[in-house]
Amino acid sequence: MFTPFKVKSVTIPNRVVMPPMCMYSATEDGLITDWHLVHYGSRAVGGVGLIILEATAVEKRGRLSGNDLGIWDDGHIEGLRRIVEVCQAHGSAVGIQIAHAGRKAWGDELVAPSALAFPGFAVPHALSREEIKETVEHWRQAARRAQAAGFDVLQIHGAHGYLIHEFLSPLSNQRTDEYGGSFENRLRFLLEVVEAVQSEWPEDKPLSVRLSAVDYLEGGLTMEDTVEISRVLKAKGVDLMDISSGGILSARIETGPGYQVPFAEAVRKGAKIPTIAVGLITTAELAQEIIANGRADFVALGRELLRNPYWVLQAAADKEIWPKQYERAIPGR
Ligand SMILES: Cc1cc2nc3c(=O)[nH]c(=O)nc-3n(C[C@H](O)[C@H](O)[C@H](O)COP(=O)(O)O)c2cc1C
């Protein structure tokens with residue numbers, strides 16, 4: 001767990017990841033607040049190897065909430081850069097998850113591959129082919145801004161029932177053009193986003209995609225689909241898969257500690273690509289077991305790192321990663 005891992009030009013100092021978690025604390029214009037600096041900075045001081053910033057909207061209408069971070073305007077770059085600098089100065093690699101909420105967005109401008117509503121939401125507008133091109137362009141511009149802000153890792157949010165996942169899953173995509181129907185067609189939007197992002201994101205920096213491995217529903221995405229998608233993404237030059245599950249119609253199903261690890265394991269073995277495992281990983285024993293047995297290359301701890309920003313330091317009491325300011329607090333000293 002404490003072994004560095006090099007992805008392209010970026011050395012991630014250990015295998016613990018803070019996964020993207022919405023903080024609902026940005027201004028209405030998507031700008032950072034002091035909350036973000038303190039929140040992310042604390043996890044960097046706490047020794048997290050890779051901090052991935054929360055879902056950050058590539059388009060204003062793609063926000064999950066009215067107080068999501070934004071990356072749809074050049075005016076967002078400066079604030080994001082401050083977060084990057086704080087986290088890097090304290091030893092973490094730092095990434096950003098760029099996102100579009102699609103039919104599960106906040107506000108009244110819902111867009112999706114098909115005019116099929118998510119339960120409790122209004123019926124979305126089905127994107128025309130022209131509008132799809134415009135949307136892809138927003139992802140490209142977001143990647144340019146992420147690079148300008150200095151991020152080490154870029155993650156495309158393809159999970160949890162948001163826009164990209166809505167294209168991937170037959171449950172939300174019933175298009176009859178080249179963006180719907182066959183597996184290849186449903187994958188097209190994601191691949192166009194990946195290509196657009198790659199035209200701006202430097203080749204020597206890691207590109208990650210987060211997917212929901214399974215929809216948990218008849219007729220939805222399966223583990224086999226996700227392994228195949230990951231193979232294609234690897235061939236396209238994606239470096240790191242982050243494997244979650246659910247969200248297209250149902251809530252995520254949390255069955256117990258490490259419940260999504262087998263999904264990450266299937267992707268890692270089936271597509272031969274580095275992976276992040278996430279979901280109810282809270283103990284150092286489980287984290288260590290996952291890494292040591294090669295079930296994933298990274299472990300992401302979400303709510304546990306909200307509860308305890310110093311989880312890594314506590315797990316590494318005998319290691320050298322404690323900040324010198326806290327030396328007198330190292331257990332056993
Ligand atoms: C407050 C909160 C906000 C979240 N926001 C996001 C998000 O912006 N993007 C995302 O992909 N997942 C999001 N998630 C899911 C987490 O990244 C993670 O996958 C999930 O919490 C399971 O990990 P855990 O059991 O360690 O918390 C969020 C989770 C929480 C608790």
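In listed order, ligands and their atoms are each counted from 1.
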Taking C-beta and beyond as the side chain, do Asp74 and Arg144 meet within less than 4.5 Å on heavy atoms? yes
Ligand 1 contacted by Ala159 (non-hydrogen, < 4.0 Å): no
When only distance counts, is Leu306 in polar contact with ligand 1, meaning an N/O pair under 3.5 Å? no
Does Lys104 qualify as a cation-pi partner of Tyr162, given the criterion of NZ or CZ under 6.0 Å from the six-membered ring centre and within 45 degrees of its axis? yes
Selected option - heavy-atom contact closest to atom 12 (N) of ligand 1, from Met21, Met23, Arg210: Arg210
Does the pair Arg61/Glu134 count as a salt bridge with the N-to-O cut at 4.0 Å? no
In ligand 1, the atoms that come under 4.0 Å of a heavy atom of Pro19 are 17 (O)
Is Val48 close to His90 at the side-chain level, that is, under 4.5 Å between some pair of heavy atoms? no
So is there a nitrogen or oxygen of Tyr24 less than 3.5 Å from a nitrogen or oxygen in ligand 1? no
What do you reckon, does Gly302 have a nitrogen or oxygen under 3.5 Å from a nitrogen or oxygen of ligand 1? yes
Stepwise salt bridge (Lys or Arg N to Asp or Glu O under 4.0 Å) check, Arg129 with Glu178: CA-CA 9 Å; Arg129 291 154 93 190; Glu178 71 269 34; 3.0 Å; yes
Within-cut-off N or O pair, Ser244 and ligand 1, under 3.5 Å: no
Gln97 N/O to ligand 1 N/O under 3.5 Å: yes
Any N/O pair Pro20/ligand 1 closer than 3.5 Å: yes
Criterion salt bridge (Lys or Arg N to Asp or Glu O under 4.0 Å) on Glu137 and Arg140, from CA distance to verdict: CA-CA 5 Å; Glu137 185 57 28; Arg140 184 196 316 276; 2.8 Å; yes
Mutual orientation of the aromatic rings belonging to His39 and Trp35 [parallel < 30°, tilted 30-60°, perpendicular > 60°]: parallel
Any non-hydrogen atom of Glu304 lying under 4.0 Å from ligand 1? no
